[in-house]
Amino acid sequence: MAWPGMEKYQNERIIIHLDYDCFYASVVENERPGLRSLPLGIQQKNILATCNYVARAQGVKKLQLVSEAKKTCPNLVIVNGEDLSRFRDASKKLWLYVREFIWEYKVERLGFDEVFLDVTQMIDFNIANLNLADFPASVLPTCTLASNLACTNADDDKLVEEAADQGIGFFRLSLTDPKRGFSFSWGKLPGHTYPLNDALDLRVLPESDHSSQSLEDDGLDCKVHNDFHQTKHTKHRLHRRLFLAAHFADFLRNSVKETYNYTVSAGISTTKLTAKLAGSVNKPDKQTLLIPAATQSFLDGHEIGKIPGVGFKTAQVLREELLGVVQGGAPEGSSVAEVAFYDKLTHPVTIHDIRRKLTLDRLSQVLDSKEQARKLYGWLHGVDTTPVAQTSLIPTQISIEDTFRSLKGTKQAEQVLIQLVTKLITRMHIDLLSPLPTPTTSTPTPTTSLQRWLACPRTFRLSLRPRDMTGPYSARISKSAPLPRYVFARDSCAEALAGRLVRDVGLPLLRKMGKVGEGELQLVNVAVVNMEESKAGEAVMAGVDIEKVFAGKKVTAEGSRNKNDEDMDWEKEVREIERVYKMLGEKGVEGDHKLAEEIDGISNEEDTIVDGQNLGIVGVMKPIDNQIEPGIGEDLWVKADDNGELSDMDGNGTDIVPAEAPTLRPIAHLRTKSRLDFSELEMEDEVGSPSARGVVCPKCGMGVLLFALEAHARFHEMERREQEK
DNA sequence: ATGGGTCCT
DNA sequence: AGGACCC
């Protein structure tokens, strides 16, 4: 073997790839089973993101223009799928379900509809534990392939052979509980194989196609598949393991189908690469086991860009390296992307072509890094050591975006930002808060129990795509800023927090992007990134009761003291902010006015308003140079004591809170009223400093920030209707 | 294209 | 901050 440990990766891992069939369509069908028998398309803007198989049978394609799809299939049922919430929820539900079966949670999510499973340990445990006593009396295997896979003549295969003769096997799902598992038939290999079962005789499988070049010193050995099968023993052992894996995949697919009503396609092989490619051979609701000896010829038939990891750019570079710069049929003046598209159609290049004609050295020259070349060279030969990563319960980013024909002007952008950020905050609650304790009859849950933040994103990011930017992928411009802490106030409404975040961070970032920010926009994306996992997050990951962590019980062995302390500080901080918010909220607008009066030197009721309950409490500040009292229309920061009494920060009315620390304090936000009267306030330029834009409602005299005008109007409308009754 | 995601540089 | 990749 060419490198230490390669044999292990090549020969010992067993990987299953699952792919939920036309996932978005299936989610909608499960919500509305009546749609199952109808042609169904999921629309995002002008295109169909996907469609069900009924629609495909009528000629509808994925990513087709809606207008075209309607032409080919006039009775197509179309459901809008621009909001991904339901798909994300379903995806997470299925992932968590599958995850529980897999030892060490070796389950990696790819997008919403795919998972990789490393089932090596589960398979090897079951191979080692096949026990004659577990099996009932005999049914002889009837399937040639299965008996080939299952039975061998190798010395230590006696147990397996005998077990196989019994016909029924039991696959254990638990290391400790021998009763947990499922039965399977030794006589039948579930699903499909590549190559086809009928054509398959493992004893006379052709040798892999060797390339003529020397591979001895490459660090790789393309003969690995053959070398591996040199001995009958190892060959049959691998086949038996894959055979078991096929049964396990079948079990998982059936379980998902029975439990949640989703059909799943699966690939079974020894690497992520081959498992995934194998899975797409037979779809939907089917599975495919790639027979190891056929790996090279299987790969050889694929176009180069079909390798996961070889994207648009790399594929084009390789195509050009092989064929020279071609312009197969692309019209004059086509973009690079268009040329690539035509090249792909007119000059398909397969793995076989690349493998035969490009050496590792050549690849190294043409690709970005030696590492990339090495990886690709491995992939061409079926070598893929990429481990299955455990996907964390906590996402590394949360982002929301929307696209437009053309979006112009700061006003429009602000509206869009508020919409997007409102959704973003809602998603933070769904994805980053601990699940509510499940109420049980035995242990009644305390009403005081609060959801905890499992992770805290430190950064807010705004990304834009200007109208006439080109490029196949991103073509985005982005700017980031620290995410203020007040967005973690759990009982404030998302809309209120969104208004603040847009005002304090979103709009300043937009302005910071200069001309792009003010020009025509095609896409606006907001995201929170830089997740910092909390103690609670780790506990949840480890399956520990998080209340114990915070009760000070010892959970982890060592080295976690600092982290724990930081978490407690973080918890305290957020709770302080929430306490003040709630206090002011409970007292309502009237109370707010009264509270305002209590503050020395500010104003009377006429002059001062407080951002009250419906709008939440503003969590930003504006320091005023050497000014003791806030000016008209300015912000003042106050603190609350344990009784809910407000005072300015140092108790003598002279305190100016430093700009760096505002969100760390228990604060309320007051703003003098006079200048607000139907006139807009000026906006500040610096990120993080407030820019208030609001009007005073003529009905109730309350200060209303622009973003909340609509909601405020609805509030009065509701009041009016109540009175009419 | 759409509305998301990942990791690397 | 952007780029490449994935669905």
Side-chain angles (χ1 to χ4, degrees), chain A residues 17-24 41-51 61-69 80-92 95 108-116 265 272-273 276-277 279-280 305-317 337-338 341 367-369 371-372 375-376 379 386-392 394-405 420 423-424 427 431 459-465 469-481 509 512-513 516 522-531:
Chain A
H17 176 258
L18 301 181
D19 185 334
Y20 315 129
D21 300 316
C22 45
F23 183 57
Y24 287 6
I42 307 300
Q43 181 175 18
Q44 285 173 336
K45 293 298 182 303
N46 286 331
I47 59 161
L48 292 184
T50 191
C51 56
K61 309 276 192 206
K62 265 194 215 176
L63 302 187
Q64 198 175 27
L65 285 173
V66 173
S67 53
E68 283 180 32
N80 188 290
E82 286 163 21
D83 183 339
L84 301 189
S85 310
R86 35 160 58 165
F87 309 130
R88 185 162 26 234
D89 293 348
S91 171
K92 189 173 176 186
W95 167 59
E108 179 179 350
R109 256 213 298 185
L110 183 60
F112 284 179
D113 68 336
E114 294 183 19
V115 284
F116 289 99
S265 294
K272 286 170 77 178
L273 204 217
K276 178 167 171 155
L277 292 179
S280 32
K306 288 285 199 301
I307 297 179
V310 176
F312 183 88
K313 298 266 180 177
T314 310
Q316 187 60 9
V317 164
E338 284 164 335
F341 180 77
L367 297 182
D368 291 344
S369 70
E371 241 321 282
Q372 239 225 304
K375 273 204 240 167
L376 174 60
W379 293 338
T386 322
V388 173
Q390 289 179 28
T391 296
S392 166
I394 295 160
T396 59
Q397 62 163 260
I398 300 174
S399 84
I400 306 276
E401 69 193 39
D402 203 351
T403 53
F404 314 89
R405 296 250 160 164
L420 292 176
K423 288 185 192 169
L424 184 66
R427 283 252 282 115
D431 292 346
T459 307
F460 176 87
R461 187 181 63 205
L462 173 66
S463 311
L464 306 175
R465 181 163 66 224
M469 227 178 174
T470 56
Y473 287 110
S474 61
R476 283 147 124 109
I477 297 169
S478 71
K479 299 275 177 220
S480 303
L509 282 177
K512 216 171 148 188
M513 318 235 302
V516 174
Q522 217 180 24
L523 175 143
V524 179
N525 174 296
V526 293
V528 286
V529 299
N530 271 331
M531 296 291 174

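All figures in this text were calculated on a predicted structure; none of them were measured in a lab. Here is how names work: the chains are called A, B, and so on, in the same order as the sequence lines, proteins then strands, and each is numbered from 1.
When distances are taken from the side chain of A/Phe312 to each of C/dC7, C/dC5, B/dG5, the shortest belongs to C/dC5. In the set B/dT2, B/dG4, B/dT6, the nucleotide with an atom closest to the side chain of A/Ile47 is B/dT2. Here C/dG2 is the nucleotide among C/dC7, C/dG2, B/dG3 with the atom lying nearest to any side-chain atom of A/Ser478. Which of C/dC5, B/dG5, B/dG3 sits closest to the side chain of A/Lys45 comes down to B/dG3. For A/Arg427, whose side chain is taken as the heavy atoms from C-beta onward, the closest listed nucleotide among C/dC7, B/dT2, B/dG5 is B/dG5. Side-chain proximity of A/Glu114 to C/dC7, B/dG4, C/dG2: nearest is C/dC7. In the set B/dG5, C/dG2, C/dC7, the nucleotide with an atom closest to the side chain of A/Arg88 is B/dG5. Among the nucleotides B/dG3, C/dC7, B/dT6, the one closest to any side-chain atom of A/Thr396 is B/dT6. Ranking B/dT6, B/dG4, C/dC5 by closeness to the A/Thr314 side chain, first place goes to C/dC5.
Considering only side-chain N and O atoms, A/Arg476 lies nowhere under 4.0 angstrom from the phosphate OP1 or OP2 of C/dA4. Checking the phosphate oxygens (OP1, OP2) of C/dA1, a side-chain nitrogen or oxygen of A/Ser480 falls inside 4.0 Å. Between A/Ser399 and the phosphate of B/dG3, there is no side-chain N or O to OP1/OP2 separation shorter than 4.0 Å. Between A/Lys276 and C/dC7 there is a side-chain N or O to OP1 or OP2 distance below 4.0 Å.
As rounded to whole Å, 10 Å separates atom P of B/dT2 from atom CG of A/Asp402. Put simply, CZ on A/Phe112 is 17 Å from P on B/dT2, counting in whole angstrom units. Separating the CZ atom of A/Arg461 from the P atom of B/dG4 is a distance of 13 Å, rounded to the nearest angstrom. Atom CG in A/Asp113 sits about 10 Å away from atom C1' in C/dC6, given to the nearest Å. To the nearest angstrom, P of B/dC7 lies 12 Å from CE of A/Met531. Look at CD1 on A/Ile400: it is 16 Å from P on B/dT2, rounded to the nearest Å. Rounded to whole angstrom, the span from the CG atom of A/Asp368 across to the P atom of C/dG2 amounts to 19 Å. Here B/dC8 presents its C1' atom at 11 Å from CD of A/Gln372, a figure rounded to the nearest Å.
Mapping A/Leu420 and A/Gln64 onto DNA chain B by nearest heavy atom places A/Gln64 at the nucleotide closer to the 5' end. Toward the 5' end of DNA chain B, the nearer of the two residues A/Lys62 and A/Ile394, judged by each one's closest nucleotide, is A/Lys62.
In plain terms, the two heavy atoms of A/Lys45 and A/Val66 that are nearest each other are O-CG2, 4.4 Å.
Nucleic acid contact class of A/Arg109 (heavy atoms, under 4.0 Å, all strands): none. A/Leu523 comes within 4.0 angstrom of nothing in the nucleic acid, heavy atoms only. When heavy atoms are screened at a 4.0 angstrom cut-off, A/Ile307 is found touching the sugar-phosphate backbone but no base atom. Base engagement by A/Gln397 is indicated by at least one non-hydrogen atom pair under 4.0 Å involving a base atom. Residue contacts for A/Lys272: at a heavy-atom cut-off of 4.0 Å it reaches no nucleic acid atom on any strand shown. Using a 4.0 Å heavy-atom cutoff across all strands shown, A/Glu401 reaches at least one base atom of the nucleic acid.
Inspection of the A/Ser265 and A/Asp19 side chains reveals no N or O donor paired with an N or O acceptor under 3.5 Å.
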Full working for salt bridge (charged side-chain N to carboxylate O under 4.0 Å, His left out) between A/Arg476 and A/Glu401: CA-CA 12 Å; A/Arg476 283 147 124 109; A/Glu401 69 193 39; 2.6 Å; yes
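Taking the six-membered ring where the residue is Trp, A/His17 and A/Phe116 present tilted rings, their angle falling between 30° and 60°.
Counting non-hydrogen atoms of other residues, nucleotides and ligands closer than 6.0 Å to NZ of A/Lys375 gives a total of 12 or fewer.
Here the side chain of A/Thr459 pairs no donor or acceptor atom with the backbone of A/Asn530 at under 3.5 angstrom. Judged by distance alone, with hydrogens and angles left aside, the side-chain atoms of A/Gln44 form a donor-acceptor pair with the main-chain N or O of A/Gly81 at under 3.5 Å.
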